[in-house]
Colleague: 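Please find one structure pasted underneath; my questions will follow.
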Number of protein chains: 2
Amino acid sequence: MDADFFCLHSELCKTLANEKRQMILAALRDGERSVSELSERTGIGQANLSQHLATMRAHDVVRARREGRSIRYSIANPKLIQAFDLITEVMQESMERRSRTADAPGA
Amino acid sequence: MDADFFCLHSELCKTLANEKRQMILAALRDGERSVSELSERTGIGQANLSQHLATMRAHDVVRARREGRSIRYSIANPKLIQAFDLITEVMQESMERRSRTADAPGA
DNA sequence: GGCACATATTCAAATGTTCGAATATTGTTA
DNA sequence: TAACAATATTCGAACATTTGAATATGTGCC
């Protein structure tokens, strides 16, 4: 595990670490969507959406495929969904621990 | 999944999405370490290390425990290691695909 | 070709992150 | 309690990210 490894790894993480990109990924969870569908579903404006999609394409997080007039995006690797869900679990467990600690009589 | 969810989720991701913090996590993988041990292992300076540890503490990514003069850190939730490894796999698969594509005769 | 539609790119301002130097805090031990 | 060792915090400068407005590109259809 050299410096390069951590650099690449954190680049990929950074790609996932953005509220809007997460909304986009969530919208892509159950299948391909066109940019305009994504815009409707997420409420993100056209330009910004396209920018985020470009970032994710560049890091191989999503795939683009033209179909007629529109371009349909999908999640490139199902493991990304697993990772997303794992982080969700960590988040929930940490919130549970927090509320348990706050409720504890000794605190 | 509301806006809050994505905000929290991406906050946690952001905490992981940094080269140095990843080095710290990797150094904590196989057990507790004091700050000075971490500094030696990772080559990160004291102040900066402490800043990153504070960020990770704030997001419940690591735990701190005093032992004698030093403070020993550990990873708060083993699922974080799973997530780290999943992202590693995604990264590797994406690199493999890339080199296969580059080598492909049709390209 | 020329128009309309869908998506991408460029630009610049606002905002957020990272870093080391300096300094503060806090437990431990004498 | 004073001195020390270990860690934490504050500050400001450098750098990176995010955003919408404007504009460009590409595609299908007449």
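Chain identifiers are assigned alphabetically (A, B, ...) following the order of the sequence lines, protein sequences preceding nucleic acid strands; residue numbering begins at 1 within each chain.
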Colleague: Is there a donor on the side chain of A:Gln46 or the base of C:dA8 sitting less than 3.5 Å from an acceptor on the other?
Modeller: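 Yes, the side chain and the base share a sub-3.5 Å donor-acceptor pair.
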
Colleague: Answer yes or no: does a side-chain N or O of B:Tyr73 lie under 4.0 Å from OP1 or OP2 of D:dA6?
Modeller: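 Checking B:Tyr73 against D:dA6: no side-chain N or O falls below 4.0 Å of OP1 or OP2.
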
Colleague: Tell me every residue that passes side chain to side chain donor-acceptor pair (under 3.5 Å) with B:Asn18, counting only those two or more places apart in sequence or in another chain.
Modeller: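 Here no residue qualifies.
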
Colleague: D:dA8 phosphate, OP1 or OP2: any side-chain N/O from B:Arg57 under 4.0 angstrom?
Modeller: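 True: B:Arg57 side-chain N/O within range (under 4.0 Å) of D:dA8 OP1/OP2.
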
Colleague: Classify B:Ser50 by what it touches in the nucleic acid, base, sugar-phosphate, or nothing, heavy-atom distance under 4.0 Å.
Modeller: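 Contact class for B:Ser50: base.
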
Colleague: Taking only residues two or more places apart in sequence, or in another chain, which ones meet B:Thr15 in a side chain to side chain donor-acceptor pair (under 3.5 Å)?
Modeller: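 Result, side chain to side chain donor-acceptor pair (under 3.5 Å) vs B:Thr15: B:His59.
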
Colleague: Quick one: salt bridge (charged side-chain N to carboxylate O under 4.0 Å, His left out) partners of B:Arg29, sequence neighbours excluded?
Modeller: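 For B:Arg29, the residues satisfying salt bridge (charged side-chain N to carboxylate O under 4.0 Å, His left out) (neighbours in sequence not counted) are B:Asp85.
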
Colleague: Is there a donor-acceptor pair closer than 3.5 Å between any side-chain N or O of B:Ser39 and the backbone N or O of B:Val35?
Modeller: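 No; judged by distance alone, with no hydrogens or angles, the pair does not exist.
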
Colleague: Considering residues at least two apart in sequence or located in another chain, which fulfil the side chain to side chain donor-acceptor pair (under 3.5 Å) criterion with A:Glu96?
Modeller: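 Result, side chain to side chain donor-acceptor pair (under 3.5 Å) vs A:Glu96: none returned.
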
Colleague: When you check every protein heavy atom under 4.0 Å of nucleotides 14-21 of chain D, what one-letter string (B, S, -) results, 5' to 3'?
Modeller: ----SBBB

Colleague: By salt bridge (charged side-chain N to carboxylate O under 4.0 Å, His left out), which residues pair with A:Glu37, not counting sequence neighbours?
Modeller: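 Testing A:Glu37 for salt bridge (charged side-chain N to carboxylate O under 4.0 Å, His left out), a comparison that skips the adjacent residues, returns A:Arg72.
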
Colleague: Sequence neighbours left out, what passes salt bridge (charged side-chain N to carboxylate O under 4.0 Å, His left out) with B:Asp30? Give chain and number order.
Modeller: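 Scan of B:Asp30 (salt bridge (charged side-chain N to carboxylate O under 4.0 Å, His left out), adjacent residues dropped) gives B:Arg33.
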
Colleague: Among residues 31-39 of chain B, which residues get a heavy atom nearer than 4.0 Å to DNA chain D?
Modeller: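 DNA chain D contact set from residues 31-39 of chain B: B:Ser34, B:Val35, B:Ser36.
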
Colleague: Quick one: list whatever passes ring pair (Phe, Tyr, Trp, His ring centres under 6.0 Å) with A:Phe84, sequence neighbours left out.
Modeller: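 Expected list: B:His9.
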
Colleague: Treat primed atoms plus P, OP1 and OP2 as sugar-phosphate and everything else as base, then score nucleotides 25-30 of chain D 5' to 3': B for base contact with protein heavy atoms under 4.0 Å, S for sugar-phosphate contact only, - for none.
Modeller: --SSS-

Colleague: Nearest-Å distance, CE (B:Met23) to P (C:dT18)?
Modeller: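 The answer, rounded to whole Å, is 14 Å.
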
Colleague: Please report, rounded to the nearest Å, how far the C1' atom of C:dA21 is from the CG atom of B:Leu49.
Modeller: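 Between C1' of C:dA21 and CG of B:Leu49: 16 Å.
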
Colleague: Taking side chain to side chain contact (heavy atoms under 4.5 Å, CB included) as the test, write out the residues that go with A:Leu8, two or more places apart.
Modeller: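 A:Leu8: side chain to side chain contact (heavy atoms under 4.5 Å, CB included) contacts with B:Met91, B:Met95.
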
Colleague: In whole angstrom, give the distance that lies between atom CZ of B:Arg72 and atom C1' of C:dT28.
Modeller: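 Interatomic distance, CZ of B:Arg72 to C1' of C:dT28: 17 Å.
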
Colleague: So does A:Glu67 pair up with A:Arg65, basic N to acidic O under 4.0 Å?
Modeller: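 Judged by the 4.0 Å cut-off on N to carboxylate O distance, A:Glu67 and A:Arg65 do form a salt bridge.
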
Colleague: Once salt bridge (charged side-chain N to carboxylate O under 4.0 Å, His left out) is applied, do any residues pair with A:Glu89, and if so which ones, sequence neighbours excluded?
Modeller: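 Expected list: B:Lys79.
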
